[in-house]
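The structure under discussion appears below in the form of structure tokens.
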Amino acid sequence: SHIVVHELRAPVVAIKDSASLMISDKLPPEEQKTMLKLIYDQAKKLLTQISTILDSTKLEDGKLSVNKSSGDLGAVVQKEVSLFLPEAKHKNITLIAEVGNNLPTTLFDNIRITEALNNILSNSLKYTNKNGVIKITLDTDDNYEKTKTGGNLVVKVTDNGIGIAAEKQDLLFTKFGQINNNASRETQKVSSGLGLYITKGIIEAHGGTISINSAVGKGTTVTFSLPISPQTDIKG
């Protein structure tokens, strides 16, 4: 897709221009350090984008693998929120996490679930205006409460952002599906639209489900569930 190529082109141009300035020997030492940081940041961005494209290809080929191990999903949620706090503060957005008590450990792929949370939270931050609120909750579902063996861990990310028109909601989990309705100029950044497509693939590879509930002008809630692995329920 030309959108993906456009996304890859920008960091490469930034790296090339910064390197060119450094080669010219015209920069004072402190500016050279700034340029190196820019090169580093853009290269990191490029690697993330390339990983995303490779993931989407794996997903299409049915080869997106997950390496599950027993883990604490609450800790993963808290860590992701702490990483997004500086960006939220910068936009005057309140970012809150509410994690249930004594949650069962379960089997999941830490790297992949972190990636999924990353995609959902970055979308929320992108489409929530200044002074908005984003809340992420994690708890067990009713099924677990009743049986203590089956059931799911449920993650919800709710924002009071610009929202998504009903007819566009189904497109969000498709390849190159994008949210661009009512976006201010600031948020109409070019985006490959692969984030939620891959997120859905990651959650489904775990045997879970993901859905979006949204209203234009009111906000969006993304909900995903991960099955609780019975063998990891018993603590001790």
Side-chain angles (χ1 to χ4, degrees), residues 1-58 75-97 110-136 157 159-162 175-199 202 220:
S1 163
H2 70 283
I3 297 171
V4 176
V5 174
H6 182 93
E7 266 204 352
L8 294 175
R9 193 172 178 271
V12 174
V13 169
I15 290 166
K16 178 180 158 286
D17 292 349
S18 304
S20 165
L21 274 169
M22 289 198 66
I23 292 163
S24 74
D25 281 337
K26 289 174 188 165
L27 292 178
E30 67 275 12
E31 281 186 36
Q32 285 186 21
K33 196 158 187 188
T34 306
M35 283 297 142
L36 275 174
K37 187 177 183 312
L38 197 142
I39 289 170
Y40 174 80
D41 288 344
Q42 293 298 319
K44 206 171 155 190
K45 187 178 175 186
L46 197 55
L47 282 172
T48 304
Q49 288 168 337
I50 290 166
S51 298
T52 302
I53 295 161
L54 291 174
D55 277 351
S56 76
T57 309
K58 283 180 194 166
V76 176
V77 167
Q78 299 281 18
K79 187 180 176 191
E80 272 302 283
V81 167
S82 69
L83 291 175
F84 277 97
L85 273 174
E87 192 185 334
K89 277 184 180 152
H90 180 69
K91 279 189 83 177
N92 279 336
I93 289 170
T94 306
L95 178 57
I96 318 158
N110 198 314
I111 292 167
R112 289 292 189 195
I113 291 300
T114 298
E115 192 184 335
L117 284 165
N118 206 3
N119 288 336
I120 297 167
L121 281 169
S122 44
N123 261 350
S124 255
L125 274 164
K126 199 169 171 184
Y127 298 104
T128 300
N129 297 319
K130 280 191 172 163
N131 305 318
V133 179
I134 299 170
K135 183 176 170 185
I136 178 166
V157 179
D159 65 56
N160 60 354
I162 60 171
K175 197 173 181 185
F176 309 123
Q178 286 182 317
I179 322 166
N180 258 348
N181 58 318
N182 297 354
S184 65
R185 194 164 296 165
E186 183 195 339
T187 58
Q188 267 185 343
K189 299 171 189 136
V190 177
S191 133
S192 62
L194 289 170
L196 286 176
Y197 170 68
I198 291 164
T199 298
I202 290 169
T220 303

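In this text, all values refer to a predicted model and were calculated from it rather than measured experimentally.
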Item to check | Evaluation steps, side-chain contact (heavy atoms from CB on, under 4.5 Å), between Ile53 and Leu8 | outcome: CA-CA 10 Å; Ile53 295 161; Leu8 294 175; 3.8 Å; yes
Next on the checklist: Evaluate Ile162 against Thr220 for side-chain contact (heavy atoms from CB on, under 4.5 Å), listing each step before the verdict.
Outcome noted: CA-CA 8 Å; Ile162 60 171; Thr220 303; over 6 Å; no
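Residue Ile198 holds its CD1 atom at 7.0 Å from CG of Asn119, rounded to the nearest 0.5 Å. Atom OG1 of Thr34 is separated from atom CD of Glu31 by 6.5 Å, given to the nearest 0.5 angstrom. Interatomic distance, CD1 of Ile93 versus OG1 of Thr128, reported as 5.0 Å (0.5 Å rounding).
Using a 4.5 Å heavy-atom cutoff, the side chains of Leu121 and Leu83 are not in contact. Side-chain contact between Leu117 and Ile136 is present, with at least one heavy-atom pair separated by less than 4.5 Å. The shortest side-chain heavy-atom distance between Lys45 and Gln42 falls under the 4.5 Å cut-off.
Paired with Ile134 under the rule side-chain contact (heavy atoms from CB on, under 4.5 Å), one option of Ile120, Ile96, Leu95 passes, and it is Leu95.
Contact between Ile39 and Ala19 at its shortest, heavy atoms only, is CD1-N, 3.8 Å. Annotation for Ser18 and Leu38: closest pair OG-CD2, 3.1 Å, computed over non-hydrogen atoms. Smallest separation of non-hydrogen atoms from Ser124 and Asp159: OG-OD2, 2.8 Å. Closest of all the heavy-atom pairs between Ala97 and Val81 is CB-CG2, 3.9 Å. The two atoms that bring Pro11 and Leu46 nearest to each other are CG-CD1, 3.9 Å, heavy atoms only. Met35 approaches Leu21 most closely through the heavy-atom pair CE-CD1, 3.9 Å.
Between the side chain of Asn160 and the backbone N or O of Val133, at least one donor-acceptor pair lies under 3.5 Å. Side-chain atoms of Thr114 come within 3.5 Å of backbone N or O of Asn110 as a donor-acceptor pair. Counting only distance, with no hydrogens or angles, the side chain of Lys91 and the backbone of Leu125 share a donor-acceptor pair below 3.5 Å.
In this structure, Lys33 does not pair ionically with Glu30, as no charged nitrogen and carboxylate oxygen lie closer than 4.0 Å. The pair Lys37-Asp41 meets the salt-bridge criterion, since a charged nitrogen lies less than 4.0 angstrom from a carboxylate oxygen.
No more than 12 heavy atoms of other residues, nucleotides or ligands lie within 6.0 Å of CD1 in Ile111, so this atom counts as exposed by the packing criterion.
Checking Ser122 against Asn118 by side-chain atom types alone, no donor-acceptor pair falls below 3.5 Å.
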